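Below: the structure, in structure tokens.
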Amino acid sequence: MSDDTGLEGFLDELYPYRRDSETYRAIPEHGRPVADVLAEVRGYAAREDAMGDEGRVSWSLYCGDHDHYHVLSEVFEEFAHVNVLQRDMYPSATKFEAEIIAMVADMLHGEAAGSDVCGVVTSGGSESLITALYTYREQAAKERGVTRPNVVIPTTAHVALDKGAHWLGIEMRHAPITDAYVVDVSAMADLIDENTIAIVGSAGNYGHGLIDPIPELGQLALSKGIGLHVDGCLGGFLLPWIELSGVDVPLWDFRVPGVTSISADTHKYGYALKGTSTLMYRTKALRAHQWFTYPDWPGGLYLSPGLAGSRSGGLIASTWASLLLTGRDGYLDAARRIYDSAQAIRAGIDSRMPELAVIGDPTFLVAFTSATLDVYLINDELKRRGWRMNALQLPPALHFCVTRPNATPDVVDAFLADLHGSVAYAKAHHGEPAASGAMYGLGGTPQGNADVNALMGGYLDAMHDVAPDAS
Ligand SMILES: Cc1ncc(COP(=O)(O)O)c(C=O)c1O
């Protein structure tokens with residue numbers, strides 16, 4: 001394969017196994033011995049987990065406690081094979097799911113909205129967001145006859161909303177942000193028309209971790225008679241505990257009039273295994289628009305809560321277990337340490353690195369930009385020093401989304417020292433092209449000089465196909 005597309009470098013960096021493992025292009029003739037398969041899988045896991053376990057990774061690895069993962073996996077094992085559709089055989093799925101929803105409703109102050117607060121468990125933040133869009137689309141079609149729906153979101157809202165709008169035939173309108181990097185409420189108001197089915201705010205958003213002015217958005221939604229979804233996928237399981245620890249966190253949950261739904265991810269700061277989130281609704285009447293029923297199918301009366309058909313009972317059981325095992329004291333303790341670490345990072349940047357500017361007023365995620373330096377050069381050097389940050393664009397910035405494995409004074413001190421060194425590197429190499437850029441989910445963009453926009457489809461192919469020349 002020629003390297004002028006950047007794909008070779010991409011594969012080398014992201015997929016070393018094409019060179020040093022056997023590539024299966026067909027199911028093996030005979031089943032492999034258990035010990036063999038386990039040894040191979042454990043080899044990959046050990047190699048891949050090392051960096052995260054050292055606390056040098058921003059975002060995504062929220063818990064870091066392998067004992068916790070192990071217990072959750074034991075719970076998962078009990079129901080891994082179970083399809084939660086078969087509630088007659090496996091009624092515990094109803095207990096687990098209903099109690100997850102009840103516990104999340106309590107955490108998000110559902111009592112302030114009355115006893116009708118309810119929800120569903122989904123497969124992750126994206127599914128929660130896309131499902132919310134679907135629910136508002138159905139509601140507006142049935143109650144208001146809206147056939148050309150639009151939704152207004154901050155430019156900083158999570159991109160899964162754009163994906164969902166694309167899939168569901170909804171027009172997405174993007175409201176700009178203010179100098180404080182939160183949504184400009186009056187600009188949002190200007191984008192609302194008679195076909196607007198809902199608006200969205202984040203608590204906090206992916207890029208900068210900031211909380212949009214939810215009380216003002218709530219007033220706007222109420223004045224227009226439309227829904228307000230709060231994307232708490234990231235902050236939903238953290239901000240309540242930061243607030244309980246005594247920090248002045250702006251209101252964003254069901255205490256805010258006008259908030260009609262909230263997404264909060266169990267598989268992020270809920271410390272559950274990957275694969276679950278919650279989508280909470282202020283009323284059962286709103287949630288009812290999410291239900292799909294089809295009585296005339298030869299396969300039987302069909303009733304389905306959401307996108308998925310079969311779902312594993314293991315994930316629901318282990319998510320329930322994560323909430324119980326962690327407990328209020330566990331969430332509170334982790335939140336305090338995460339908040340303190342993020343504030344120490346923020347203070348270190350503010351006091352020691354005048355070349356950098358922290359974005360907004362962060363709680364648990366510290367994003368920074370620079371007016372004078374190329375932040376992607378800073379990221380190149382951080383990467384060389386063993387850190388995996390998230391790179392952003394528009395404007396170029398980096399963020400450190402602090403999670404439990406990062407939340408120790410040692411990690412914070414080491415990070416600040418390396419960030420300082422990386423700023424010096426960026427100064428010394430000013431004007432040179434950075435090797436990394438900003439690609440969501442990755443620690444940087446391999447082949448940062450390639451035209452990544454033109455190559456994005458090719459990158460997705462490369463991540464899903466067996467490499468053609470893997471020899
Ligand atoms: C604010 C926010 N919303 C939604 C998502 C999407 O969540 P998921 O990756 O579980 O689909 C993320 C992911 O980090 C996020 O930060």
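Whatever order the structure lists ligands and atoms in, that order sets their numbers, starting from 1. Count residues from 1 along the sequence. Since the model is a prediction, treat every value here as computed from it, not as a measurement.
In summary, the atoms of ligand 1 found under 4.0 Å from a heavy atom of Tyr440, numbered by their order in the structure, are 13 (C), 14 (O). Near Gly204, with a cut-off below 4.0 Å to any heavy atom, the atoms of ligand 1 are 1 (C). Every atom of ligand 1 is numbered from 1 in the order shown, and the set under 4.0 Å from a heavy atom of Asp265 is 7 (O), 10 (O). For ligand 1, the atoms closer than 4.0 angstrom to any heavy atom of Gly125 are 7 (O), 8 (P), 10 (O), 11 (O). Under a 4.0 Å criterion applied to the non-hydrogen atoms of Leu129, ligand 1 contributes the atoms 4 (C).
Comparing Thr276, Asp231, Thr122 by heavy-atom distance to atom 2 (C) of ligand 1, the nearest is Asp231. Looking at Ala264, Gly207, Ser126, it is Ser126 that brings a heavy atom closest to atom 11 (O) of ligand 1. Closest heavy-atom approach to atom 7 (O) of ligand 1 within the set Lys274, Lys268, His158: this belongs to Lys268.
Taking both residues in full, the closest heavy atoms of Ala221 and Gly258 are given as CB-O, 4.3 Å, listed atom of the first, atom of the second, then distance.
The shortest N/O to N/O separation between Asn205 and ligand 1 does not fall below 3.5 Å. Backbone and side-chain nitrogen or oxygen atoms of Trp59 are examined, and one is located within less than 3.5 angstrom of a nitrogen or oxygen of ligand 1. Looking at ligand 1, you won't find any N or O of Glu127 less than 3.5 Å from one of its N or O atoms.
For the pair Arg56 and Phe415, the cation-pi test (distance below 6.0 Å, angle within 45°) is failed.
Under a 4.0 Å N-O distance rule, the pair Asp106/Arg328 qualifies as a salt bridge. A salt bridge links Arg173 and Asp193; the closest N-O separation between the charged side-chain nitrogens and carboxylate oxygens is under 4.0 Å. For the pair Lys383 and Glu381, the salt-bridge criterion is not met [side-chain N within less than 4.0 Å of a carboxylate O]. Salt bridge absent: Asp340 and Arg336 never bring a charged side-chain N and a carboxylate O closer than 4.0 Å.
Under the side chain to side chain contact (heavy atoms under 4.5 Å, CB included) criterion, Leu324 pairs with Met103, Trp320, sequence neighbours left out.
Environment of CG in Asp179: sparse, with no more than 12 heavy atoms of neighbouring residues, nucleotides or ligands closer than 6.0 Å.
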